[in-house]
Amino acid sequence: MDVLKIATAGSVDDGKSTLIGRLLYDTKSLTTDKLEAIEKKSKANGFDYLDFSLATDGLVAEREQGITIDVAHIYFSTAKKSYIIADTPGHVEYTRNMVTGASTSQASIILVDARKGVVEQTYRHFFINDLLRVEDIVVAVNKMDLVDYNEEAFNKIVSDFGALTQKQQFKAQRITFVPISALKGDNVVNASTEMPWYDGETLLEHLEQLNPSQVEEVGARFPVQTVIRPKQDQYHDFRGYAGKVSGGALAVGDAVTVLPSGRNSVIKDILFYNASFTKVDAGNSCTITLEDDVNVSRGDILVKSAQAPSLTKELQATVCWMDNNALVPGTKYLVQQGTAQILGKVKSINSIVHTDFSGVDATDRLVLNDIGKVTIQLSKQVLNDQFLDNKQTGSFILIDTQSHATAGVGFISS
């Protein structure tokens with residue numbers, strides 16, 4: 001069954017958690033005990049309706065305040081597809097959480113309150129989805145019940161959002177507008193009888209037919225996660241390299257190059273558990289053996305020799321900063337690209353990027369939740385894949401050398 005990864009976004013109280021709870025309820029994905037807990041808590045709070053946000057807001061502080069703070073991942077399935085939803089917070093101070101949730105998503109739902117229209121956070125969330133090259137965006141105009149299901153209110157938001165899309169860089173992005181009421185269930189899973197003027201798909205119907213591209217534009221990449229040496233009599237000379245294909249495909253007989261060493265060999269076997277295959281596509285994990293006994297270790301990358309990528313010791317990247325300590329030139333971090341960790345130093349911070357599409361400004365530091373253009377000097381070469389071409393090898397994280405905490409996430413750009 002296909003799996004679709006979705007991120008949600010929206011301003012505070014736009015109804016993200018309620019929408020997800022409604023999806024779970026109407027697709028009968030809530031367990032009996034969970035549903036009973038929601039009913040009990042809703043009554044205790046004095047509500048005469050089911051508070052579906054309780055299905056996702058897991059932290060005590062979230063339930064008490066009625067807001068989302070952490071990134072929660074919710075899993076559910078229909079007869080056609082399985083879904084993983086990243087319920088991300090709407091507050092500006094949690095921009096880094098929004099980046100985290102959207103970084104691995106294939107689609108995104110941006111909620112807009114029908115009463116408030118396009119607001120500052122709408123700009124920010126759309127900017128992040130544009131930056132992260134999320135292919136499919138659903139603009140869910142929520143709380144239509146609070147504007148008497150008025151078509152003009154919906155059309156105005158469509159128009160205002162259309163003006164916003166003129167500023168985006170990722171022109172291949174597909175945007176769909178759906179008027180909904182997460183609380184009442186209108187156009188979420190079941191079609192609404194309150195909006196006869198809308199003849200489009202419900203939110204779930206639209207998600208069911210999405211088919212985001214799985215293959216990255218760049219050539220085959222195979223970051224080595226671990227070297228398998230059983231050291232048993234039956235497999236005395238076995239040496240395999242386990243990992244996950246990131247872009248393209250690899251086949252038995254392909255001439256490959258090990259990076260960064262530049263050593264060459266040929267793929268001998270492609271194995272998964274106790275089965276062997278002649279080919280493996282992007283997104284699949286496997287173990288690869290080579291014809292030659294070359295030196296390969298964790299952090300190395302196998303690529304097709306005919307599609308050898310460029311390497312660099314200086315990364316130009318867009319960085320979202322996630323640490324309480326500011327990012328300043330001269331600071332050293334571990335740069336992790338795939339399975340490889342390399343020591344790097346911040347050479348310069350070239351600009352801060354405004355998430356309202358108003359441009360960039362010069363700066364000498366990035367603070368928590370800032371996004372900026374940064375140059376990083378590395379101790380050895382890494383792949384110079386652009387994020388636009390390959391989301392896996394075109395991105396990296398910055399790790400604090402003292403605390404080993406993730407301090408930032410970067411997206412390689414030209």
Side-chain angles (χ1 to χ4, degrees), residues 69-71 88-89 91-104 124 127-128 130-133 223 225 259-260 297-301 309-356 358-414:
I69 297 173
D70 199 8
V71 178
T88 60
H91 296 67
V92 61
E93 61 264 34
Y94 298 115
T95 297
R96 64 192 187 280
N97 301 66
M98 174 62 202
V99 172
T100 300
S103 62
T104 58
R124 181 173 291 105
F127 176 88
I128 291 172
D130 181 56
L131 171 68
L132 299 181
R133 303 301 191 257
Q225 184 174 358
L259 297 176
S297 58
R298 174 179 169 84
D300 290 341
I301 297 181
S310 63
L311 301 176
T312 183
K313 290 185 69 175
E314 185 175 283
L315 288 176
Q316 303 293 331
T318 301
V319 171
C320 175
W321 196 239
M322 301 178 170
D323 197 22
N324 288 318
N325 296 318
L327 177 67
V328 295
T331 311
K332 294 181 179 179
Y333 294 92
L334 289 175
V335 179
Q336 180 161 332
Q337 181 191 53
T339 57
Q341 282 191 359
I342 304 98
L343 186 63
K345 183 174 73 172
V346 179
K347 183 177 180 180
S348 63
I349 299 175
N350 307 316
S351 61
I352 186 171
V353 181
H354 299 300
T355 56
D356 60 357
S358 61
V360 301
D361 280 327
T363 187
D364 61 353
R365 64 181 52 220
L366 296 180
V367 297
L368 182 65
N369 288 313
D370 279 349
I371 296 175
K373 301 288 186 179
V374 178
T375 302
I376 302 172
Q377 192 72 41
L378 303 172
S379 59
K380 66 179 183 179
Q381 291 183 319
V382 298
L383 268 66
N384 196 29
D385 285 344
Q386 306 293 291
F387 182 75
L388 180 60
D389 297 324
N390 191 309
K391 289 188 176 182
Q392 282 71 46
T393 56
S395 60
F396 60 89
I397 60 174
L398 295 172
I399 302 171
D400 188 289
T401 57
Q402 300 298 318
S403 67
H404 298 286
T406 300
V409 58
F411 310 99
I412 301 173
S413 56
S414 55

- Got a second to check how far Gln341's CD is from Tyr333's OH, nearest 0.5 Å? 15.0 Å
- Task: Compute whether any side-chain donor of one residue and acceptor of the other, for Thr318 and Lys373, lie under 3.5 angstrom apart.
- Result: yes
- Passing candidate, salt bridge (charged side-chain N to carboxylate O under 4.0 Å, His left out) with Glu314, options Lys347, Lys345, Lys380: Lys347
- Side-chain donor-acceptor pair present, Gln225, Thr339, cut-off under 3.5 Å: no
- From the options Leu366, Ile397, Thr100, select the one residue that forms a side chain to side chain contact (heavy atoms under 4.5 Å, CB included) with Met322. Thr100
- Item | From Ile342 atom CD1 to Leu334 atom CG, the distance as rounded to the nearest 0.5 Å | 9.0 Å
- Does a donor on one side chain sit under 3.5 Å from an acceptor on the other, for Thr312 and Asn384? no
- State, without any angle test, whether Thr375 and Asn350 hold a side-chain donor-acceptor pair at a distance under 3.5 Å. yes
- Arg133, CZ atom: more than 12 neighbouring heavy atoms under 6.0 Å: yes
- SG of Cys320 to CG of Leu327: how many Å apart, nearest 0.5 Å? 11.0 Å
- Message: Ser358 and side chain to side chain contact (heavy atoms under 4.5 Å, CB included): which single residue from Asp361, Asp356, Thr355 fits?
- Response: Asp356
- Interatomic distance, CD1@Ile371 vs CZ@Phe411, rounded to 0.5 Å, equals 8.0 Å
